[in-house]
Amino acid sequence: MNLRLKFSLWLAVFFAGIVAAVAAGGVIIAAGLPEDEYRLLLRMIVEREQVLGLVAALLLLACAGVLGWLFRNYVTPVRALAEQTRIVFAANAEHRVRARGGPELADLAATINRLAEAYHRLQIDLETRAGAANSRLEEERNRLAALMSELSEGVLLCNAEGRILLYNEKAKALFGAAVQAPGTRQGLVGLGRSVFALLDRDQVSHALDKLQSGLDQGVEFPASRFITNAVTGALIKVQMAPFLSAGGRIAGMVLTLEDVTEMMDREAQRRSLLQAFAAGVRAPVANLRAAAENLASFPEMNEARRAQFTEIVAAESRQVSAMINEALAEYADALKAGLALEDMRAADLLSVARRRIETVLGLPCSMEQAPDGIWIKVDSFALVEALAYLAGHLREDYGVRSIGLRAAQNGRFAELDLVWSGAIVGSEALSLWETEPMQIGSQQTPLSLRDVLARHGGEIWVQSHKTSHTAWFRMLLPLGAPTAEMPRRRPAADGRPEYYDFDLFRYADTAPGFAERKLADLHYTVFDTETTGLEPSAGDEIISIGAVRVVNGRLLKREVFEQLVDPRRPVSKASTRIHGIEEQTLAGQPAIGEVLPQFHHFCEDTVLVAHNAAFDMRFLELKEAATGVRFAQPVLDTLLLSVIVHPSQEGHSLEAVAERLGIGVIGRHTALGDALVTGEIFLKLLPLLAEHGIATLGQALDASRETYHARLKY
């Protein structure tokens, strides 16, 4: 309960009790008086009512003074003592309580400090033992970090929802070429971020389907690969393998990444050179052959010599033609075996296509058992999309309610059939569908069915069987080469091998909305701004933004955002004295319209945290119309949270709260420096909030709104 309200209630009860006691005494005395004396008493009371009112007022003041003394010396100090004690045991073991008030409280404070000292010594002892026990583990972690840093390929480890749990510097560098303002310190790769912000979601999901299909068939080490466009514009070759849970399901995925943009460019150059070579050589060879034939037709030449010469020219011409044709054929095969194509069993491809059709289109799909010996070289993602695209047209345009998939071998080719009953589809419709961009449900790709077939060197047509009233689309694709059989999963042995524990595996995106989630489970962006002045509504502008991410209860000091901003207006001298940023330093820096979208991307899917957040958020809100960037995520204010857990403490400035929680202040009045301090304060406040019964984001926001400081406006 608020101390002012408690004081008022106590005063009312105390004063009412005294007045009631006096009144009760008067009633008892008056009840025993004779009639004339009773009337005399009433007349005296009426005549002296002003005096009695003054006495009552003096009595009220006396009660207030007594209660005020009690509150100042005992009630408020006891409450402050309890708050400081909670700091010792929940946030800062080196903090020592200080008592205000009576001597009894000083004695209590001394006792608490002795207990705190013993607790601190015990904590140091436990930390020493834990440090010794974990030294080997730390050494192994350092070896892992060194190994990861030396890998020539980028590595990402993600949970099943695509949240990044581990990455190396190579992976960070692969996505570091994204467009960003000069001098910005930020990254697209970071712990807790989504891999779908880096790679195409559909292709990653398709690869996961393939991995799951392999696991369902008992493959011990299934893997998938594909090439995709990254957000940076580069072509990335991705190798993906699953991380399994104890139950054998996919709990996460390991992705190795390689930038193949230059390799693909070189491949395109070689292709152009080969085509130019073919076009340039065919004409001379044709002329050579024609000349040889003409030479053979002239009878003036010596018969023996003419025959010999003619045979040589004709033979050489045939040989050159054969060499060119052979080179072209070999290069065509090489193109089919390009980076995006992989050898795959037809049965596995149809299994993945069946799952895709049923999941996205909701169309029942059966599958005939395909022979294991049919292998095809495919871009499995593109081909599955093509089958789903055709199935979608059958459902939407012809009302087909179920389909089937089958595969067979025909000489050097594989036949993939998509079968249905009833509806008759003409070849004209198929020709039209071939040229349209493929759309499956609400998802659209710029590729057409014809593009996919050309990539595979395949053909498609429609066939029907009148007796059974069935029809099918038949894709004719070149056969691939069988790969070595993957080992089957071994039965689980007793116990389990020791792996590193990645706590983020426990957090899934299927958790309830932000308000119901526990504070400890959320990801945060702690930020601060420096400005030209203190009046955002009067035209002051942001000149610096600094932010750091908090993931899984850890302050990630290497995942930061730091950017100076050209305000396009003067910086007041008073502000410069505080943050030390001068106008010439800001010249040439990007404007706020360029920086805010980058900052918005940095803090997406997180809760914002700031100290005196109303001030910083007001600057961001005023830029919504100009930049089109809106920060709609929840915001927590460490100033308000400090008021919640320490209502009896006098100071709630950043310095005061940091000192109270035992946090050193470094880089004060720089945006990133203040953000780092605020982040450490926030982590120290979390256990203190838990002691007040505040465990979820919704509870923290509700408690913040009830504080007096929440009324501050800018």
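Legend: ring pair (Phe, Tyr, Trp, His ring centres under 6.0 Å) pairs involving residues 535-556, not counting sequence neighbours: none detected. Residue pairs meeting the salt bridge (charged side-chain N to carboxylate O under 4.0 Å, His left out) criterion with at least one member in residues 628-649: none, sequence neighbours excluded.
With sequence neighbours left out, W10 forms a side chain to side chain contact (heavy atoms under 4.5 Å, CB included) with K6, L67, F71, V75. In this view, R568 and D566 satisfy the salt bridge (Lys or Arg N to Asp or Glu O under 4.0 Å) rule, not counting sequence neighbours. Contacts of T85 classified as side chain to side chain donor-acceptor pair (under 3.5 Å), with partners at least two apart in sequence or in another chain: none. Evaluation of the salt bridge (Lys or Arg N to Asp or Glu O under 4.0 Å) rule for R96 yields E117 as partners, not counting sequence neighbours. A search for ring-ring contact (aromatic ring centres under 6.0 Å, His included) contacts involving F631 returns F599, H600, not counting sequence neighbours. Residues meeting the side chain to side chain contact (heavy atoms under 4.5 Å, CB included) test with L122, sequence neighbours left out: L126. Here E94 pairs with nothing under the side chain to side chain donor-acceptor pair (under 3.5 Å) rule; sequence neighbours left out. For E621, the salt bridge (Lys or Arg N to Asp or Glu O under 4.0 Å) test picks out R618, with sequence neighbours left out. With sequence neighbours left out, K623 forms a salt bridge (Lys or Arg N to Asp or Glu O under 4.0 Å) with E541.
Looking at R660, H652, R79, R86 one by one, the single match for side chain to side chain donor-acceptor pair (under 3.5 Å) with H646 turns out to be R660.
Both the sub-6.0 Å distance and the 45° axial angle are satisfied by R193 relative to the ring of F602.
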Please report, to 0.1 Å, the donor-acceptor pairs under 3.5 Å made by any side chain of residues 677-687, with sequence neighbours excluded.
{"residue": "T678", "atom": "OG1", "partner": "D674", "partner atom": "O", "Å": "2.7"}
{"residue": "K684", "atom": "NZ", "partner": "A91", "partner atom": "O", "Å": "2.6"}

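The environment of CD in E624 is crowded: more than 12 heavy-atom neighbours from other residues, nucleotides or ligands sit within 6.0 Å.
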Show your working on salt bridge (charged side-chain N to carboxylate O under 4.0 Å, His left out) between R705 and D702 and close with a plain yes or no. CA-CA 5 Å; R705 293 187 192 101; D702 290 341; 2.7 Å; yes
